[in-house]
Amino acid sequence: MNTSQDTIYAQAYENISDFRFDEKVAGVFNDMIRRSVPGYGQIIGTLGDFANKFVSKDSNIYDLGCSLGAATLSMRRSLDNRNCKIIAVDNSESMIERCRENLGAYVSDTPVDLICADIRDIKVENASMVVLNFTMQFLAPKDRESLLKNIYDGLKPGGILVLSEKLNFEDDSIQSLLVDLHLDFKRANGYSELEISQKRSSLENVMKPDTLTQHEARLKGQGFKHFNVWFQCFNFASMIAIK
């Protein structure tokens with residue numbers, strides 16, 4: 001996979017435009033997410049373990065917001081002789097193009113349907129596993145419940161949703177502490193104060209994180225029987241919900 005260094009916000013800009021998953025971001029995405037999201041590698045690796053346990057024969061797996069295909073590849077490596085199909089969806093043509101290249105580098109019996117589309121327009125059907133890996137936080141809050149309803153309705157009984165998100169915290173002291181620790185993480189990974197500040201400004205209008213309470217209420221409201229956080233580092237978490 002491409003490992004070009006993320007220097008998008010290294011120079012000062014007079015006006016900071018809203019963050020977009022365009023060709024510029026796609027070209028450095030692996031480096032950007034590695035240096036920005038603590039525990040990302042652990043999350044990706046464990047998706048394969050979840051797939052091994054939950055994916056049933058003759059079912060579909062959905063990677064909604066697939067970016068460069070890391071989650072799809074992790075799951076694909078764990079699926080042998082199950083006659084399954086992965087549907088990987090992203091609305092960025094630049095991401096889809098690079099994802100296709102990454103998937104083509106690995107031989108597998110599990111086919112992948114790579115679709116450039118808005119995940120809100122995808123009907124989930126006959127699914128044993130659905131992944132939303134740092135995706136839902138970029139949707140308008142009003143659209144999140146209907147997306148989860150579509151996922152729940154399309155999941156087979158016993159099917160799993162893995163939802164990874166940046167979190168807000170209701171306790172202001174905890175919120176401040178974990179935000180500070182995350183900023184230290186980014187500094188330790190080589191981002192300057194200018195890069196951190198400009199990236200934050202670019203995300204301000206496009207990424208709206210929820211609290212854990214909001215996630216749990218929304219998921220249980222759709223009918224998911226089981227919910228919990230399986231991984232958390234600072235203000236980033238990955239959750240599981242089982243139908």
Side-chain angles (χ1 to χ4, degrees), residues 21 37 39-40 42-44 46-47 49-51 53-56 59-67 71-72 74-75 84 86-91 115 117-175 178-179 182 203-243:
F21 291 95
V37 179
Y40 183 75
Q42 178 69 55
I43 292 170
I44 290 297
T46 307
L47 287 173
D49 297 329
F50 282 129
K53 288 184 178 295
F54 282 92
V55 170
S56 56
S59 68
N60 294 326
I61 305 102
Y62 288 81
D63 182 3
L64 300 178
C66 63
S67 62
T72 289
S74 180
M75 293 185 289
C84 294
I86 299 175
I87 296 100
V89 185
D90 204 286
N91 67 352
I115 302 172
D118 190 314
I119 63 172
R120 290 167 289 195
D121 297 330
I122 299 295
K123 183 173 176 57
V124 175
E125 298 177 300
N126 188 38
S128 55
M129 182 170 178
V130 177
V131 172
L132 283 167
N133 209 36
F134 301 105
T135 298
M136 195 167 72
Q137 61 199 20
F138 290 101
L139 295 184
K142 65 181 179 60
D143 294 334
R144 296 175 188 182
E145 187 170 346
S146 59
L147 173 65
L148 292 179
K149 182 180 189 308
N150 176 33
I151 292 170
Y152 181 83
D153 290 346
L155 272 171
K156 297 158 66 80
I160 187 173
L161 165 65
V162 183
L163 173 64
S164 306
E165 293 272 289
K166 187 177 184 179
L167 297 178
N168 277 334
F169 296 87
E170 293 156 310
D171 185 312
D172 290 341
S173 295
I174 297 296
Q175 173 73 8
L178 295 182
V179 167
H182 177 228
L203 287 168
E204 193 171 26
N205 295 322
V206 296
M207 188 173 75
K208 304 292 184 182
D210 288 318
T211 66
L212 186 59
T213 301
Q214 287 174 304
H215 283 297
E216 182 172 11
R218 194 183 286 128
L219 288 161
K220 289 191 172 178
Q222 294 308 316
F224 283 98
K225 296 178 181 178
H226 310 282
F227 167 84
N228 218 319
V229 174
W230 73 268
F231 178 88
Q232 182 179 340
C233 187
F234 308 144
N235 47 349
F236 290 82
S238 189
M239 300 156 269
I240 49 173
I242 304 171
K243 183 172 180 178

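Position 1 is the first residue of the sequence; numbering continues from there.
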Inset, instruction - Taking the side chain as every heavy atom from C-beta outward, state whether V162 and N133 have any atom pair closer than 4.5 Å. - result: no

Legend entry - Heavy-atom side-chain proximity of V131 to M75 below 4.5 angstrom: yes

Legend entry - With F224, the side chain to side chain contact (heavy atoms under 4.5 Å, CB included) member among L155, I242, I160: L155

Legend entry - Side chain to side chain, V229 and Q232, heavy atoms closer than 4.5 Å: yes

Legend entry - Aromatic ring pairing F138/F21, orientation class (parallel under 30°, perpendicular over 60°, tilted between): perpendicular

Inset, instruction - Check the pair N228, M239 against side-chain contact (heavy atoms from CB on, under 4.5 Å), reporting the backbone distance first and the verdict last. - result: CA-CA 6 Å; N228 218 319; M239 300 156 269; over 6 Å; no

Inset, instruction - Could you tell me which non-hydrogen atom of V55 sits nearest to which non-hydrogen atom of S128, and how far apart they are? - result: CA-OG, 3.3 Å

Legend entry - side-chain contact (heavy atoms from CB on, under 4.5 Å) between K166 and V37, intermediate numbers included: CA-CA 9 Å; K166 187 177 184 179; V37 179; over 6 Å; no

Legend entry - Least distance between heavy atoms, L64 atom then T135 atom: O-OG1, 3.1 Å

Inset, instruction - Take I115 and I87 through the test side-chain contact (heavy atoms from CB on, under 4.5 Å) and record every step on the way to the result. - result: CA-CA 7 Å; I115 302 172; I87 296 100; 3.7 Å; yes

Inset, instruction - Look only at the side chain of T46 and the backbone of D49, and say whether a donor-acceptor pair between them is shorter than 3.5 Å. - result: no

Inset, instruction - Assess whether side-chain contact (heavy atoms from CB on, under 4.5 Å) is satisfied between V89 and D63, documenting all intermediate values. - result: CA-CA 6 Å; V89 185; D63 182 3; over 6 Å; no

Legend entry - Cation-pi geometry met for K243 and Y152 (6.0 Å, 45°): yes

Inset, instruction - Locate the shortest heavy-atom distance separating Q175 from L167; write the atom from each residue and the value. - result: OE1-O, 4.2 Å

Inset, instruction - Look only at the side chain of Q214 and the backbone of T211, and say whether a donor-acceptor pair between them is shorter than 3.5 Å. - result: yes

Legend entry - Separation of L132 CG from L147 CG (nearest 0.5 Å): 5.5 Å

Legend entry - R144 (side chain) donor-acceptor with L139 (main chain) under 3.5 angstrom: yes

Inset, instruction - State whether the side chain of S74 and the backbone N or O of I44 hold a donor-acceptor pair below 3.5 Å, judged by distance alone. - result: yes

Legend entry - For the student: nearest non-hydrogen atoms of I43 and S164, plus distance: CG2-OG, 3.7 Å

Legend entry - Between CH2 on residue W230 and CD on residue Q42, distance to nearest 0.5 Å: 5.5 Å

Inset, instruction - Applying salt bridge (Lys or Arg N to Asp or Glu O under 4.0 Å) between D143 and each of R120, K208, K149, report the one that passes. - result: R120

Legend entry - Close side-chain approach of Q222 and I151, heavy atoms under 4.5 Å: no

Inset, instruction - Assess the pair H215 and F227: is the distance between their ring centroids shorter than 6.0 Å? - result: no

Inset, instruction - Check I86, V124, N126 against N60 for a side chain to side chain contact (heavy atoms under 4.5 Å, CB included) and give me the one that passes. - result: N126

Legend entry - Pairwise side-chain contact, F236 with Y40, heavy-atom cut-off 4.5 Å (strictly under): no

Legend entry - I240 side chain near L161 side chain, heavy-atom distance below 4.5 Å: no

Legend entry - Check: N168 side chain, P209 main-chain N or O, donor-acceptor pair, under 3.5 Å: yes

Inset, instruction - For residues 121-137, pull every pair meeting salt bridge (Lys or Arg N to Asp or Glu O under 4.0 Å), keeping only residues two or more places apart or in separate chains. - result: none

Legend entry - From N150 atom CG to I119 atom CD1, the distance as rounded to the nearest 0.5 Å: 9.5 Å

Inset, instruction - Report yes if the side chains of M129 and Y62 come closer than 4.5 Å at any heavy-atom pair, otherwise no. - result: no

Legend entry - Exercise: identify the closest heavy-atom pair between Q137 and E165: N-OE2, 3.0 Å

Inset, instruction - Give the minimum heavy-atom separation between D90 and C66, together with the two atoms involved. - result: OD2-N, 3.4 Å

